[in-house]
Amino acid sequence: MEFATVPHTILDAMPVLSLDYSQPADFAQDFGQSFQRFGFAMVRDHGMDSALVADAWAKAKAFFALPEAAKRAYLIPGGGGQRGYTAYGTEIAKGASENDLKEFWHVGRDLPPGSPLAATMPPNVWPQEIAGFRETFTRLFAEFDRVGARLLSAIALYLGLAPDWFVDPVRDGNSIIRLLHYPPVSADAPGVRAGAHEDINLITMLLGAEEGGLELLDRSGNWLPVTPPEGALVINVGDMLQRLTNHVLPSTSHRVVNPPPERRGVSRYSMPYFLHLRPDFMIEALPQCVTPDNPVRQPPISAHDYLHERLVEIGLVKK
């Protein structure tokens, strides 16, 4: 199966797609084409519980408002930032010279007792200061998983695979909700809120991009703002999906730039869900994505080994 080149100019407008559809094949085509053109898509009508999302925002903001010492009590030495708190200025984009101007909290998947994946997926920690934090984010994690499964089914259809192709590869995947806080920015701040980078995972599902700053790099070298409608999801291709599709679906560089002067005193919050493959899944190019003009670009690698390799690059894990 070959994929036609999708025309791309700065004048292209990224469509806002609806997940409330009657024809799965039509949605899959539109979704896949947006991914192939931009590496990104915007989706409304995703059906995530709006009251639950509002509660999650309130609890995330309450956590980041805690005193610094209280937050730092949830730093996990040697944990690579995979659970709990990561302090302001820790993460750095691959190849960047300045650390990002952000702090974050990670919620991962709860595994059943005795799971063989426990060695690669540590248990969650929960802030005791915020009542109901665990219950809210456990429910939200399940919501992201549910909507993510629908999106992966559309990607599978676009690639000519069975609609349930991704079910096993992501079962008990090492997925993470990241609660992100970008504090107010001074006029002379070094660096930017998040330097240009590509995501490591399969796909990213982002809530909270309505507050300006997110930009993607198009194929002409232009930075384009990503401005979804209120409550919509911004979804982007991660490096694992790019590798799996032999770069047919591109993992696009993106960044979060500092705000204009009138917004410098305002915090920015966002909530990406990094949907991951199962740690023991072998990532290798799908046969239909390999052609004489697009030979295999990278050798097979397990999802766990690839994640570790990339966490070292961004400074969350030491060599």
Side-chain angles (χ1 to χ4, degrees), residues 48-49 52-93 99-111 120-145 147-148 173-185 193-195 197 199-201 203-211 213-214 233-234 236 238 256 266-276 307 310-311 314-318:
M48 293 182 72
D49 183 337
L52 175 62
V53 172
D55 184 42
W57 285 125
K59 286 181 168 59
K61 291 175 182 179
F63 172 78
F64 290 119
L66 291 173
E68 191 70 14
K71 292 185 289 189
R72 285 182 173 270
Y74 297 101
L75 289 169
I76 302 175
Q82 291 304 286
R83 301 291 185 269
Y85 179 63
T86 297
Y88 180 84
T90 299
E91 190 172 64
I92 185 169
N99 288 44
D100 291 345
L101 308 179
K102 66 190 183 191
E103 57 179 341
F104 53 88
W105 178 278
H106 275 171
V107 176
R109 187 177 303 283
D110 285 321
L111 294 172
T120 54
M121 294 167 59
N124 279 305
V125 297
W126 304 102
Q128 300 304 305
E129 296 87 347
I130 313 297
F133 191 98
R134 178 174 186 166
E135 293 76 13
T136 293
F137 285 101
T138 298
R139 288 178 57 208
L140 188 65
F141 196 102
E143 278 286 272
F144 272 120
D145 252 359
V147 176
N174 194 8
S175 301
I176 285 176
I177 298 177
R178 174 178 284 188
L179 313 180
L180 265 167
H181 174 222
Y182 304 92
V185 179
R193 280 179 158 171
H197 65 282
D199 290 346
I200 301 169
N201 43 287
I203 62 171
T204 300
M205 303 158 61
L206 174 68
L207 289 170
E210 297 91 344
E211 175 71 30
L214 178 62
L233 282 167
V234 173
N236 63 276
V256 180
V266 179
S267 284
R268 184 182 192 273
Y269 299 90
S270 67
M271 201 181 301
Y273 179 72
F274 301 122
L275 199 161
H276 273 266
L307 174 62
R310 292 295 307 280
L311 290 176
I314 64 175
L316 290 181
V317 169
K318 304 302 179 186

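Keep in mind that the numbers below use all heavy atoms, side chains included, and drop hydrogens, waters and symmetry copies.
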What pair of heavy atoms forms the shortest contact from [X] to [Y], and how long is it?
| X | Y | value |
| --- | --- | --- |
| Trp57 | Leu207 | CH2-O, 3.6 Å |
| Ser270 | Gly208 | CB-O, 4.1 Å |
| Trp126 | Asp110 | CZ2-OD2, 4.3 Å |
| Pro272 | Thr204 | CB-CG2, 3.9 Å |
| Ala87 | Leu75 | N-CD2, 3.9 Å |

Taking the side chain as every heavy atom from C-beta outward, state whether [X] and [Y] have any pair of such atoms under 4.5 Å apart.
| X | Y | result |
| --- | --- | --- |
| Tyr273 | Glu143 | no |
| Leu179 | Phe64 | yes |
| Leu214 | Arg268 | yes |
| Met121 | His276 | no |
| Leu180 | Val256 | no |

Could you measure the distance from the [atom1] atom of [X] to the [atom2] atom of [Y]? Nearest 0.5 Å is fine.
| X | Y | atom1 | atom2 | answer |
| --- | --- | --- | --- | --- |
| Ile176 | Phe144 | CD1 | CZ | 13.0 Å |
| Trp105 | Phe133 | CH2 | CZ | 5.5 Å |
| Phe104 | Ile177 | CZ | CD1 | 14.5 Å |
| Asn174 | Leu307 | CG | CG | 6.0 Å |
| Ile203 | Leu275 | CD1 | CG | 5.0 Å |
| Arg72 | Tyr85 | CZ | OH | 6.0 Å |

Quiz item: Looking at residues at least two apart in the chain, or sitting in another chain, which of them share a side chain to side chain donor-acceptor pair (under 3.5 Å) with Tyr182?
Solution: none
Quiz item: Can you name the side chain to side chain donor-acceptor pair (under 3.5 Å) partners of Thr136, sequence neighbours left out?
Solution: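 Result, side chain to side chain donor-acceptor pair (under 3.5 Å) vs Thr136: Asp55.
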Who are the side chain to side chain contact (heavy atoms under 4.5 Å, CB included) partners of [X], not counting sequence neighbours?
| X | answer |
| --- | --- |
| Pro183 | Tyr88, His181 |
| Glu129 | Leu66, Ala70, Tyr74, Pro127 |
| Val147 | Leu19, His46, Met48, Leu151, Met205, Leu233 |
| Ala58 | none |

Quiz prompt | Geometric cation-pi criterion, Lys61 with Tyr269: 6.0 Å, 45° | solution =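 Yes, Lys61 sits over the ring of Tyr269.
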Main-chain N/O of [Y] paired with [X] side-chain donor or acceptor, under 3.5 Å:
| X | Y | result |
| --- | --- | --- |
| Lys71 | Phe63 | no |
| His106 | Gly81 | yes |
| Arg83 | Pro122 | yes |
| Thr86 | Glu103 | no |

Practice problem: Given side chain to side chain contact (heavy atoms under 4.5 Å, CB included), test Ile200 with Leu311 step by step and report yes or no. | Solution: CA-CA 9 Å; Ile200 301 169; Leu311 290 176; 4.2 Å; yes
Quiz prompt | Arg109/Asp145 under side chain to side chain contact (heavy atoms under 4.5 Å, CB included): CA gap, chis, key distance, verdict | solution = CA-CA 10 Å; Arg109 187 177 303 283; Asp145 252 359; 2.7 Å; yes
Practice problem: Go through Leu140 and Met271 one step at a time and tell me if the side chain to side chain contact (heavy atoms under 4.5 Å, CB included) criterion holds. | Solution: CA-CA 11 Å; Leu140 188 65; Met271 201 181 301; 3.4 Å; yes
